[in-house]
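What follows is one structure encoded as structure tokens, with my remarks underneath.
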Protein chains: 2
Amino acid sequence: MPSQTRATLLDAAIHLLDAGGLDAVTLREVSHRAGVSHNAPYKHFTDKEALLAAIAAVELQRLGTSLAAIREREPSPAEVLRAAMREYVTWAMTYPARFKLVFGVWTTGTEELAVAANASRTVLIDIVTIAQRAGLLPPGDSDRLTALLQALVHGAVDLALIGHLSPGGKGHASPEDLVDDLLGYLRIATNAESRPVPERL
Amino acid sequence: MPSQTRATLLDAAIHLLDAGGLDAVTLREVSHRAGVSHNAPYKHFTDKEALLAAIAAVELQRLGTSLAAIREREPSPAEVLRAAMREYVTWAMTYPARFKLVFGVWTTGTEELAVAANASRTVLIDIVTIAQRAGLLPPGDSDRLTALLQALVHGAVDLALIGHLSPGGKGHASPEDLVDDLLGYLRIATNAESRPVPERL
DNA sequence: ACCTGAACACCGTTCAAGT
DNA sequence: ACCTGAACACCGTTCAAGT
């Protein structure tokens, strides 16, 4: 039974998160924005971390739903794969604070969070498997290949958010570029594996 | 002139960071451990964030030094590349709180931090360039290829620290595995590019 | 130049009490 | 069941003052 107050609190919290980052999300300011006393949240969440975990779970679920929608909508496996990777990037770059929160350190791993994480992971694995069958990605363990792809997207976004990518000022190596690079190399490797590898020095 | 107190404060802070994470690093506890009053830090750092930035800069510099040492020590370009990637992984997995701190959100990007980041980046680019010449990595923009490699290591470590890798319990897809996978695919792609690519459906 | 004690504003959390 | 006001312990930061 998601009470009205609970939803209002979550709305206020996510607004503060987007506007001022994690530090701006204080239980007192959240309560004030929601129009309740500063300790009303404790009737809906055991903890401040529980409130943050609820936000993270919702966001991770949203991402999973977007990925699933792409899988249904796009026609070709190649487009599904590329669009899925780009959805991850766009989401993270649009809501960096949510991205940092979702993949932050959780001393208490909420069950709800784990479920949402597994759900979006399953969709990704499905997309990768289809791409493998279409000859766009190398064959083999789909879980492991999915981990490879997710690690790259995740790392590219994280480095981009800190400014560790393209410090030269020139629009060098955006997360989207790196995703395309990886997909390109993997496609080449896929096609090469069936052919003999030449001798090396 | 790095005063003795300043060094003691940094030591205490990094100890607290490793022991209890970022939240455990309070200026008051740091001061107490250093044997000074709770506001003595303000004579050595303008801010709490400045103290954290100093730690991050030292760590990033340490990483860069380790990478440079590997480049000098290892004989073959292949070993240098692999060892460098593993050094990044080992450092991050051994000191997760330092890793999170170094690549955390910096509202104030200290000059010292930017210098340290560029230094370790330069070493990495150098290693990648050598590996390219040795035919271990695809030719082309070394900066961009370095970004690809760094993004993968970074993302793999980050996901591993949250537990988003190998949630099945089986020792599936460690960061080291993903690094090896990527290097393997890139080597195949390198050798394949000189040969004709077969028609696709 | 470096350090201290008191003080301020803010935060998470708890508790007794109200409806 | 849900909310409130007062209170507690803790934190970052500032300031006047000491050597």
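Throughout, protein chains are lettered first and strands after them, A, B, ... in sequence-line order, and every chain is numbered starting at 1.
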When you measure from the side chain of B/Glu59 to the backbone of B/Val102, do you find a donor-acceptor pair of N or O atoms at a distance under 3.5 Å?
no
Starting at the 5' end of DNA chain D, which residue's closest nucleotide do you reach first, A/Lys43 or A/Arg28?
A/Lys43
Pair A/Phe103 + A/Phe99: ring centers closer than 6.0 Å:
yes
d(NE2, A/His44; C1', D/dT4) in whole Å:
13 Å
Would A/His172 and B/Asp141 count as having a side-chain donor-acceptor pair, cut-off 3.5 Å?
yes
Reckon B/Ser3 has a side-chain N or O less than 4.0 Å from the OP1 or OP2 of C/dC2?
no
Can you measure A/Leu27 atom CG to D/dC3 atom P for me and round it to whole angstrom units?
14 Å
Output yes when a side-chain donor or acceptor of B/Thr110 lies under 3.5 Å from a complementary backbone atom of B/Leu113, and no otherwise.
no
Using a cut-off of strictly less than 4.0 Å between a heavy atom of the residue and any atom of DNA chain C, enumerate the qualifying residues of residues 45-59 of chain B by number.
none
Reading 5' to 3' and counting Watson-Crick or G-U wobble pairs with both distances under 3.5 Å, write the dot-bracket notation for DNA chain C, | for bases paired outside the strand.
||.|||||...|||||.||
Distance test, side-chain N/O of B/Thr5 to OP1/OP2 of C/dC3, below 4.0 Å:
yes
Between B/Thr90 (side chain) and B/Glu87 (backbone), is there a donor-acceptor pair under 3.5 Å?
no
Using atom types as modelled and distance alone, determine if a side-chain donor or acceptor of B/Thr26 lies under 3.5 Å from a backbone N or O of B/Glu29.
yes
To the closest 0.5 Å, what do you measure between CG (B/Leu60) and OG (B/Ser120)?
4.5 Å
Output the rounded distance in Å from CD (B/Gln4) to C1' (C/dC2).
14 Å
Is A/Arg121 paired with A/Asp126 through a side-chain N to carboxylate O contact shorter than 4.0 Å?
no
Spacing between A/Glu29 atom CD and C/dG12 atom P, to the nearest angstrom:
10 Å
Given atom CG of A/Asp23 and atom P of D/dC11, what is their separation to the nearest angstrom?
16 Å
Name the residue from A/Asp23, A/Val30, A/Asp11 that meets the side-chain contact (heavy atoms from CB on, under 4.5 Å) definition with A/Leu16.
A/Val30
Within residues 31-42 of chain A, which residues have any heavy atom lying less than 4.0 Å from an atom of DNA chain C?
A/His38, A/Asn39, A/Tyr42
Should the pair A/Arg86-A/Asp180 be classified as a salt bridge under the 4.0 Å nitrogen-to-oxygen rule?
yes
Look at the aromatic rings of B/Tyr88 and B/His154 and report parallel, tilted or perpendicular, splitting at 30° and 60°.
perpendicular
